[in-house]
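Read the structure below first, then the notes.
Quick caveat, the model's predicted, so the values are computed rather than measured. In the text below, chain A, chain B and the rest are named by the order of the sequence lines, each starting its count at 1.
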2 protein chains.
Amino acid sequence: MAANSQFAIAVHVLTILAKSGDERVKSDYIAGSVNTNPVVIRRLLSNLQEAGLVVSQVGAAGGTSLARQPKDIRLSEVYKALPCGEVFALHSKEPNRDCPVGRNMAAFLCGLQKEIDKSIEERLRQYTLRDVLERIDEA
Amino acid sequence: MAANSQFAIAVHVLTILAKSGDERVKSDYIAGSVNTNPVVIRRLLSNLQEAGLVVSQVGAAGGTSLARQPKDIRLSEVYKALPCGEVFALHSKEPNRDCPVGRNMAAFLCGLQKEIDKSIEERLRQYTLRDVLERIDEA
DNA sequence: ACCTTTTGTAACTCCTTTTGATACAGTTTA
DNA sequence: TAAACTGTATCAAAAGGAGTTACAAAAGGT
């Protein structure tokens with residue numbers, strides 16, 4: 001359970017919201033559907049709200065709904081909204097400074113990380129939430 | 001220290017081997033350069049050897065060297081050689097079966113994972129170990 | 001106004017994974 | 001045969017994610 005499942009859950013949650021249209025959905029309901037704890041969902045929704053993808057309302061009759069049409073929400077936005085880690089981590093301990101290779105390795109790898117992240121985002125930009133809905137329904 | 005730094009270390013290690021040419025390098029030396037434990041290095045080299053990227057020899061005067069020229073080792077091969085996880089994890093607990101969204105979500109996300117992984121590999125295929133050497137040296 | 005419902009968050013435990021470390025068997029060289 | 005390595009098993013330590021409980025703050029209904 002260590003790997004980041006936040007993106008997966010986020011897509012799931014957003015799909016539920018998309019299906020609910022303008023109706024506000026409660027974290028309790030979503031949690032039941034995703035099969036987890038409501039707080040986990042609220043934490044996630046908090047991130048999505050910061051990114052402007054959803055709108056939540058507190059209080060009785062509160063809940064969350066999409067901030068935009070499904071066709072205007074790209075999965076790349078979802079990905080960027082979450083505090084997911086990079087594809088690979090840099091060295092945990094800094095390499096030995098006496099090693100000529102180690103000295104410049106970090107800079108190279110850091111640049112590579114950014115390139116990869118860009119690739120991922122480009123790929124995810126091809127899908128909107130509406131695409132997801134269609135795939136889910138036709139399956 | 002939870003995130004996977006194996007890819008980063010692998011590139012570092014392979015660069016050291018590339019710089020050493022045909023000479024066999026000992027895990028102790030590499031560990032000193034990367035600033036970690038020799039066993040961590042040997043575990044990693046074990047993966048790289050399975051993938052046919054390096055050749056190790058046991059016994060006195062043993063050590064490891066590249067199995068091919070740096071120009072013939074692509075970073076995508078390094079990536080594939082390692083048991084790194086996926087970019088995002090699927091749900092840890094299976095979604096509620098009563099939820100129509102949850103039922104088909106896993107299949108969609110699984111396909112998406114594969115697509116992303118392909119993107120990463122395509123990007124990494126553009127770099128050979130020789131490219132890394134050049135970047136490291138010119139910096 | 002008050003009570004209920006619901007979000008937002010802090011704090012804590014639990015679990016998993018990665019890393020680091022020790023130990024030792026098996027191999028090879030001299 | 002002794003010394004120097006790799007290959008691995010095993011364990012402890014560290015970090016992070018996920019699940020929980022608890023509660024303050026906000027909003028609606030009566």
request  = Take B:Tyr79 and B:Asp117, measure what side-chain contact (heavy atoms from CB on, under 4.5 Å) needs, and give me the verdict at the end.
outcome  = CA-CA 10 Å; B:Tyr79 182 73; B:Asp117 220 51; 3.2 Å; yes

key: 5′-ward residue of the pair A:Gly62/B:Gly59 relative to DNA chain C   = A:Gly62

query = Heavy atoms under 4.0 Å, any strand shown: does B:Thr64 hit a base, just sugar-phosphate, or nothing?
reply = nothing

task = Supply the atom-to-atom distance A:Arg130 CZ to A:Ile73 CD1, rounded to the nearest 0.5 angstrom.
result = 12.0 Å

task = Check the distance between C:dT7's P and A:Tyr29's OH and give it to me in whole angstrom.
result = 14 Å

task = Test for a donor-acceptor pair under 3.5 Å between the base of D:dG17 and the side chain of A:Arg43, counting only N and O atoms.
result = no

note = Assert: residue with more 5' nearest nucleotide on DNA chain D, out of A:Pro38 and B:Gly63, is B:Gly63

Spacing of B:Asn47 atom CG relative to D:dG7 atom P, expressed in whole Å = 11 Å

inquiry  = Please report the distance, rounded to the nearest Å, between CD1 in B:Ile30 and P in D:dG7.
reply    = 11 Å

note = From the list B:Leu17, B:Leu66, B:Leu48, side chain to side chain contact (heavy atoms under 4.5 Å, CB included) with B:Leu53 holds only for B:Leu48

A:Leu44 CG to C:dT7 C1', straight-line distance once rounded to whole Å = 14 Å

key: Any B:Ser56 side-chain nitrogen or oxygen under 4.0 Å from OP1 or OP2 of D:dT6   = no

key: Cluster check B:Leu82, A:Leu109: I/L/V/M/F/W/Y, side chain < 4.5 angstrom   = yes

task = Kindly work out whether a path of hydrophobic side-chain contacts (I/L/V/M/F/W/Y, heavy atoms less than 4.5 Å apart) joins B:Leu133 to B:Leu14.
result = no

task = Nearest whole angstrom, please: distance from the P of D:dG17 to the CG of A:Asn37.
result = 17 Å

key: Nearest-nucleotide pick for B:Val58, side chain only, options being C:dT27, D:dA27, C:dT29   = C:dT27

ask   = Would you call the rings of B:Phe7 and A:Phe88 parallel, tilted or perpendicular if under 30° counts as parallel and over 60° as perpendicular?
value = tilted

task = Using whole Å, report how far CD of A:Glu50 lies from P of C:dT7.
result = 17 Å

message = OP1 or OP2 of D:dG7 versus the side-chain N and O atoms of B:Arg42: is any pair under 4.0 Å?
response = no

key: Length of the CZ-P vector between B:Arg24 and D:dC5, whole Å   = 11 Å

message = Nearest to the A:Val39 side chain among C:dT9, D:dG28, D:dG19, which nucleotide is it?
response = C:dT9

ask   = Does OP1 or OP2 of C:dT7 have a side-chain N or O of A:Ser27 closer than 4.0 Å?
value = yes

Given D:dA27, C:dT28, D:dA18, the nucleotide with the shortest approach to the side chain of A:Val40 = D:dA18

key: Minimum-distance nucleotide (side-chain atoms of B:Ser46 versus D:dA27, C:dG20, D:dT8)   = D:dT8

inquiry  = What is the separation between atom CZ on A:Phe88 and atom P on C:dT17, rounded to the nearest whole Å?
reply    = 22 Å

message = Closest approach to the side chain of B:Gln49, judged atom by atom: which nucleotide of D:dG7, C:dT28, D:dA27 is it?
response = D:dG7

request  = Look at B:Gln57 and C:dT29 and indicate whether a side-chain polar atom (N or O) is within less than 4.0 Å of OP1 or OP2.
outcome  = yes

ask   = Closest to the A:Ser5 side chain: D:dA18, C:dA23, D:dG19?
value = D:dA18

